[in-house]
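Down below is the structure, laid out as structure tokens.
This one's a predicted model, so the numbers in the text were calculated from it and none came from an experiment.
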Amino acid sequence: MKEVKRISICNVPVDSLTMEETVALIDQSIRRKENLHHVVVNAAKLVNAQKDPELKASIVECDIINADGQSIVWAAKFLNEYLPERVAGIDLMDNLVGLAARENYKIFFLGAKEDVVNKVVKIYSDKYSPEIIAGYRNGYFGKEEELGIAKQIRDSKADILFVAMSSPKKEIFLNKYKDVMNVPFIMGVGGSFDVVSGKVKRAPVWMQNICLEWFYRTMQEPGRMWKRYLTTNIAFVKLLVTERFFPANKSKT
């Protein structure tokens, strides 16, 4: 993979890449049968990485680290760094499904509830072709099943693996079993299956562009989401202010 400019936000690396550049690197990796591990980061993930060494390691060890949220792009500017644009995980996934259809790549879908992953597979099969599906499985399993699932994915001969589970479970699973699965491109996609299936609505583009996706998501599930977003957003701002104005104190936050 060609060398990519990598910056640091809250002591976590982020690659300065556009969507087009990201897709091109992934396509190149699949063609060459190289193993490429991808992750996206948002404010919550950066905050949680400060106190979860296993999560942080699973991010840092990835080959491509994209800015999932507009808040990360703004944070880079605040820190006098540069990111050309956000590369949202769900948008990248959708682009890669289209790439798979054009280039005859096979995809394995892992995660979400059984009815959700079934619907995602049907939607993409109907839109493109069933030929792009290497396999699929829901995301509800215990630790004792993980190795067997990793081997199932390996045996599917998939070129692309999407894992739709919550953080840090998906990051840790991918980092732990990527050598077993031996898939050219692997990526965690969070709640993207829920959005594609229609179970969850995505924020309008104008809200995405002004960093209000979290607010839209909170309005859909206020009882579950408001405290999580409020806590992580405040913590993220605190981390950025410390990094910009009090760099000597970063290790103390």
Inset, instruction - Find the distance between CG (Asn175) and SG (Cys62) and round it off to the nearest 0.5 Å. - result: 6.5 Å
Inset, instruction - Can you see which heavy atom on Ala134 is nearest to which on Ala158, and at what distance? - result: CB-CB, 3.8 Å
Legend entry - Spatial distance of atom CG (Asn233) from atom NZ (Lys238) [nearest 0.5 Å]: 15.0 Å
Legend entry - Validation row: Val12, Ile59 side chains within 4.5 angstrom (heavy atoms): yes
Legend entry - Residues His38 and Asn66: side-chain donor-acceptor under 3.5 angstrom: yes
Inset, instruction - Assess whether atom NZ of Lys113 is packed by more than 12 heavy atoms of other residues, nucleotides or ligands within 6.0 Å. - result: no
Inset, instruction - Mind listing the closest non-hydrogen atom pair of Ala67 and Ile72 along with its distance? - result: CB-CG2, 3.6 Å
Inset, instruction - Report yes or no: does Asn138 contribute a side-chain atom to a donor-acceptor pair with the main-chain N or O of Tyr140 at less than 3.5 Å? - result: yes
Legend entry - Ile26 side chain near Leu92 side chain, heavy-atom distance below 4.5 Å: yes
Inset, instruction - Could you tell me which residues satisfy side chain to side chain contact (heavy atoms under 4.5 Å, CB included) with Cys10, sequence neighbours excluded, listed by chain and number? - result: Gln50, Phe236, Leu239, Leu240, Glu243
Legend entry - Arg244 and Val241, any side-chain heavy atoms less than 4.5 Å apart: no
Legend entry - Under 3.5 Å donor-acceptor, Ser29 side chain and Leu25 backbone: no
Inset, instruction - Supply the members, apart from Val183, of the Ile/Leu/Val/Met/Phe/Trp/Tyr cluster built from side-chain contacts under 4.5 Å; use none for a lone residue. - result: Phe108, Leu110, Phe141, Leu147, Ile149, Ile153, Leu161, Val163, Met165, Phe173, Leu174, Tyr177, Val180, Met181, Ile186
Inset, instruction - Look up atom CZ in Phe78 and atom CD1 in Ile9, then write down how far apart they are to the nearest 0.5 Å. - result: 11.5 Å
Inset, instruction - Supply the atom-to-atom distance Ser197 OG to Asp115 CG, rounded to the nearest 0.5 angstrom. - result: 7.5 Å
Inset, instruction - Flag yes if Val41 and Tyr82 sit in one hydrophobic cluster, no otherwise; membership is Ile, Leu, Val, Met, Phe, Trp, Tyr, and two members link when side-chain heavy atoms are under 4.5 Å apart. - result: no
Inset, instruction - List for me each residue that meets side chain to side chain contact (heavy atoms under 4.5 Å, CB included) alongside Asn182, sequence neighbours excluded, and say none if there are none. - result: Asn35
Legend entry - Check: Val60 and Pro13 side chains under 4.5 Å, non-hydrogen atoms: yes
Inset, instruction - Flag the pair Val4 / Glu21 as yes when at least one side-chain heavy-atom distance between them is below 4.5 Å, and no otherwise. - result: no
Inset, instruction - Output all residues satisfying salt bridge (Lys or Arg N to Asp or Glu O under 4.0 Å) with Lys33, sequence neighbours left out; order by chain, then residue number. - result: Asp159
Inset, instruction - State whether the side chain of Asp68 and the backbone N or O of Gly89 hold a donor-acceptor pair below 3.5 Å, judged by distance alone. - result: yes
Inset, instruction - Return the set of residues passing side chain to side chain contact (heavy atoms under 4.5 Å, CB included) with Ser167 (not counting sequence neighbours), or none when no residue passes. - result: Lys45, Lys170, Glu171
Legend entry - pair Pro84-Ser16: side-chain heavy atoms closer than 4.5 Å: yes
Inset, instruction - Would you mind reporting whether Leu83 and Val14 have side-chain heavy atoms less than 4.5 Å apart? - result: yes
Legend entry - For Leu99, all residues meeting side chain to side chain contact (heavy atoms under 4.5 Å, CB included), sequence neighbours excluded: Val23, Asp27, Leu96, Arg102, Glu103, Tyr105
Inset, instruction - Group every Ile, Leu, Val, Met, Phe, Trp and Tyr by side-chain heavy-atom contacts under 4.5 Å, then state whether Phe162 and Ile172 land in the same group. - result: no
Inset, instruction - Go through the structure and list residues passing side-chain hydrogen bond (donor to acceptor under 3.5 Å, both in side chains) with Asp94, not counting sequence neighbours. - result: Tyr124
Legend entry - Chi angles and distances behind the side-chain contact (heavy atoms from CB on, under 4.5 Å) call for Lys151, Arg154: CA-CA 5 Å; Lys151 290 179 178 178; Arg154 176 198 63 196; 3.8 Å; yes
Inset, instruction - Could you note down all residue pairs passing salt bridge (charged side-chain N to carboxylate O under 4.0 Å, His left out) where residues 47-60 supplies at least one of them, sequence neighbours left out? - result: none
Let me check something: any side-chain donor-acceptor pairs from residues 125-133 under 3.5 Å, sequence neighbours excluded? List them with distances.
from	atom 1	to	atom 2	distance (Å)
Ser125	OG	Val121	O	2.7
Asp126	OD2	Lys122	NZ	2.7
Ser129	OG	Glu131	N	3.0

Legend entry - ILVMFWY cluster, Val40 and Leu55 together (side-chain gap under 4.5 Å): no
Legend entry - Separation between CE of Met93 and CD1 of Ile160, rounded to the nearest 0.5 Å: 11.0 Å
Inset, instruction - List the steps and the verdict of side-chain contact (heavy atoms from CB on, under 4.5 Å) for Met19 and Asn95. - result: CA-CA 9 Å; Met19 175 68 76; Asn95 276 308; 3.4 Å; yes
Inset, instruction - Report the distance from atom CZ of Phe109 to atom OG of Ser192, rounding to the nearest 0.5 Å. - result: 11.0 Å
Legend entry - Within 6.0 angstrom of Lys169 NZ, more than 12 heavy atoms from elsewhere: yes
Inset, instruction - Just jot down the salt bridge (Lys or Arg N to Asp or Glu O under 4.0 Å) partners of Arg137, sequence neighbours excluded, or say none. - result: Glu145
Inset, instruction - State which residues pass salt bridge (Lys or Arg N to Asp or Glu O under 4.0 Å) with Asp91; sequence neighbours excluded, sorted by chain then number. - result: Arg202
Legend entry - Qualifying salt bridge (charged side-chain N to carboxylate O under 4.0 Å, His left out) pairs, either residue in residues 72-86, two or more places apart: Arg86-Glu213
